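Report on the following structure.
Everything numeric here is computed off the predicted structure, so don't read it as measured data. All residue numbers in this chain count up from 1 along the given sequence. Every heavy atom of this structure was used, including side-chain atoms; hydrogens, water molecules and symmetry mates were not.
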Amino acid sequence: MKQDRAMTAMGVLTAILALLMMSVGKFIMGGIVLLLAFGIFWTRGGGKFNDRSIYEKIIRTDLDIAELFDRIRDVDTPFGKPWIAGHKGYSGDSIVFGPGKFKDCVVVSREGKDLVVKHITLLENIIRSEDEEYRFKGLVNTAEAEVTPERYAVFAGFKLASVMLVKHLSELIEKLSADGNAKVPENLDFFKFYYHNSSNGYLLDSEGSEVLKVECAYKPFRSAVLDDEGNEMASVMPRSFNNKGVVIDMTGYELFANGEHFGEIRRFREGKKEGFICDTDDGVYKVSIFPSCMRAKISCNYTIERDGELKAVIGGSPSLLFDAEDWCRSDLILSYDDDYLVLYAILEVFILTLNSRFLK
C-alpha cells in the first residue's frame with residue numbers, strides 16, 4: 001500500500017510539473033512529461049486499492065489480532081495453520097501462514113484502523129522466537145536452484161496459491177468483522193496442482209505424472225484434450241475465420257466433448273471484469289481474468305466459477321526462456337474440484353492457443 005501511495009504521489013507531481021511547463025510556453029516538453037504522468041497512472045491502475053492489488057488487501061475493522069487469531073487458529077491452508085510472530089513493518093503481533101517451501105508467507109497485521117493481509121517472501125522481516133525457527137528449515141534457495149520448466153511450474157503454482165489465499169483470507173476476515181458468529185471453515189484453499197508446458201504436450205500432476213495429452217496451435221487452429229490412448233475428450237473450435245485463416249473472435253467458439261457439441265464459449269465484459277462465459281450442457285461457467293502475478297511472471301490468470309462457486313484457478317506464462325535455445329509456454333491449474341478437470345484443461349489449452357497468436 002505504501003508503494004501504491006508513493007506511485008500516486010509521483011503521478012500527481014509529474015502531472016503538475018507538465019502543466020507548469022505548458023503554462024510558461026514549453027508545450028513540447030510539457031506534453032512529454034504529461035505522457036510520462038499518464039504512464040505512471042496507467043501502471044498504477046484505476047479503482048480501489050484492493051481491486052488493483054493481488055498481494056495486499058486492506059480491511060477496515062475493529063477486530064484485533066488476538067481476537068482474530070482465536071477465531072481462525074485452527075483453519076488449515078496449503079501453508080499450514082496460522083501462528084503468531086512479529087513483523088518489522090508493523091507494531092504488535094502478526095498472524096502468519098507459512099512459510100511454504102518457496103518462502104511464501106501470508107501475514108495479517110494491524111496498521112492503524114485497518115488489518116493488512118499481505119503476501120511476502122522476505123522472511124528476515126518476520127520476528128520469531130527460537131521455538132518457531134523450525135518452520136524456516138529446508139526451504140528452497142531459488143537463487144541457487146536449477147530452473148527447469150517443471151520446477152518453475154511448481155514455483156509459480158505456489159505464488160498463484162499465495163495470492164488466492166490473500167483474497168480468500170481477506171473475505172473471511174470481512175465476514176467475521178461483519179458477523180461475529182459467522183462460520184469459520186476448517187480449511188481454506190486446498191487444491192490439486194496440474195501444469196502443462198509447450199515442450200512436452202501433456203498436462204502433468206504435482207508428481208510429474210502424465211494426466212492428459214493436450215494439443216494447441218493457432219494456425220491452423222487446434223485446441224484439444226486427449227486421453228492417454230489419443231482419443232479426443234474435449235476440443236474448442238472458432239465459429240468463423242477471416243480469409244487469412246485468422247480467428248474472428250466476436251463470433252464465439254464451440255465446445256465439443258467426445259466429438260459432440262457440449263456448449264458455447266463467448267467473451268464477456270462487465271464493467272472492469274472480463275473473460276469468457278462457457279455455457280455447457282452441464283451448467284454455465286464464468287472464466288474471469290484477474291491481475292498478473294508478476295512475482296512468477298504469470299500474466300494470464302483466470303478464475304473458473306460455477307454458480308458463484310470457485311472451481312479452479314488457471315495461470316499462464318506465455319513465453320519463458322529456460323536456456324539459450326528453449327522458449328517454453330507454461331500454464332498452471334489449481335483445481336478445487338477434480339470432477340471438472342477435463343473442462344479446466346480444455347479452457348486452459350483454449351486460452352493458451354488464443355494467446356499463442358502474439359508469440360513470435
Side-chain angles (χ1 to χ4, degrees), residues 1-6 48-142 155-177 184-185 187-191 290-291 293-296 298 313 334:
M1 186 170 65
K2 294 177 181 178
Q3 294 89 335
D4 186 75
R5 290 171 179 168
K48 297 179 180 179
F49 175 79
N50 277 5
D51 296 329
R52 298 195 304 272
S53 174
I54 60 174
Y55 296 114
E56 184 177 351
K57 303 294 183 184
I58 311 300
I59 305 160
R60 180 61 55 90
T61 177
D62 294 328
L63 274 174
D64 61 34
I65 291 294
E67 183 182 0
L68 176 61
F69 181 71
D70 188 58
R71 294 298 309 278
I72 67 173
R73 65 189 309 154
D74 293 322
V75 176
D76 205 2
T77 75
F79 302 99
K81 294 182 180 181
W83 55 287
I84 292 292
H87 189 286
K88 292 180 180 178
Y90 303 92
S91 60
D93 288 336
S94 292
I95 300 172
V96 181
F97 292 84
K101 67 178 181 178
F102 291 103
K103 304 180 181 180
D104 298 289
C105 285
V106 173
V107 180
V108 184
S109 306
R110 172 144 309 266
E111 186 177 68
K113 296 181 179 180
D114 301 321
L115 286 180
V116 181
V117 183
K118 191 172 185 178
H119 169 246
I120 69 168
T121 56
L122 296 175
L123 302 185
E124 56 269 29
N125 286 337
I126 297 178
I127 306 168
R128 65 268 189 180
S129 67
E130 290 186 6
D131 291 341
E132 301 291 355
E133 200 61 39
Y134 73 93
R135 300 178 184 273
F136 298 80
K137 304 297 184 183
L139 304 182
V140 175
N141 186 340
T142 54
F155 165 83
F158 275 107
K159 294 294 180 286
L160 198 56
S162 298
V163 299
M164 295 311 297
L165 182 57
V166 168
K167 178 179 186 297
H168 297 144
L169 187 58
S170 300
E171 292 171 351
L172 175 59
I173 294 172
E174 287 176 344
K175 289 180 181 178
L176 292 173
S177 179
V184 177
N187 53 65
L188 202 61
D189 282 7
F190 278 99
F191 60 88
F290 64 95
C293 183
M294 299 309 295
R295 292 176 187 173
I298 306 174
V313 178
L334 308 185

Quiz item: In Å and rounded to the nearest 0.5 Å, what is the CG to CG distance from L68 to L176?
Solution: 6.5 Å
Quiz item: What distance do L160 atom CG and L334 atom CG have between them, rounded to the nearest 0.5 Å?
Solution: 4.5 Å
Quiz item: Who passes side-chain contact (heavy atoms from CB on, under 4.5 Å) against S177, sequence neighbours left out?
Solution: T61, L63
Minimal non-hydrogen separation, [X] against [Y], with atom names:
X: I126; Y: C105; result: CD1-SG, 3.7 Å
X: D62; Y: R110; result: C-NH2, 3.9 Å
X: A161; Y: F191; result: CB-CE2, 3.5 Å
X: S162; Y: D104; result: OG-CB, 3.4 Å
X: L123; Y: P99; result: CD2-CB, 4.1 Å
X: V75; Y: F97; result: O-CE2, 4.2 Å

Quick one: list whatever passes salt bridge (Lys or Arg N to Asp or Glu O under 4.0 Å) with [X], sequence neighbours left out.
X: E133; value: R128
X: R135; value: E132
X: K103; value: none

Quiz item: Are any non-hydrogen side-chain atoms of E171 and K57 less than 4.5 angstrom apart?
Solution: no
Self-check item: Side chain proximity check, F69 to V108, heavy atoms < 4.5 angstrom
Solution: no
Quiz item: Does the side chain to side chain contact (heavy atoms under 4.5 Å, CB included) test come out yes or no for D189 and F79, once each step is laid out?
Solution: CA-CA 10 Å; D189 282 7; F79 302 99; over 6 Å; no
Exercise. Determine the interplanar angle of the F155 and F102 rings, folded into 0 to 90°, and report it as parallel if under 30°, tilted if 30 to 60°, perpendicular if over 60°.
Key: perpendicular
Practice problem: If a pair satisfies side-chain hydrogen bond (donor to acceptor under 3.5 Å, both in side chains) and one of its residues is in residues 67-86, list it, with sequence neighbours excluded. | Solution: none
Donor-acceptor contacts under 3.5 Å from residues 88-95 side chains, at least two apart:
{"from": "K88", "atom 1": "NZ", "to": "E124", "atom 2": "O", "distance (Å)": "3.1"}
{"from": "S94", "atom 1": "OG", "to": "S109", "atom 2": "OG", "distance (Å)": "2.6"}

Self-check item: Positive for side-chain contact (heavy atoms from CB on, under 4.5 Å) with E56, one of V116, V107, V117
Solution: V116
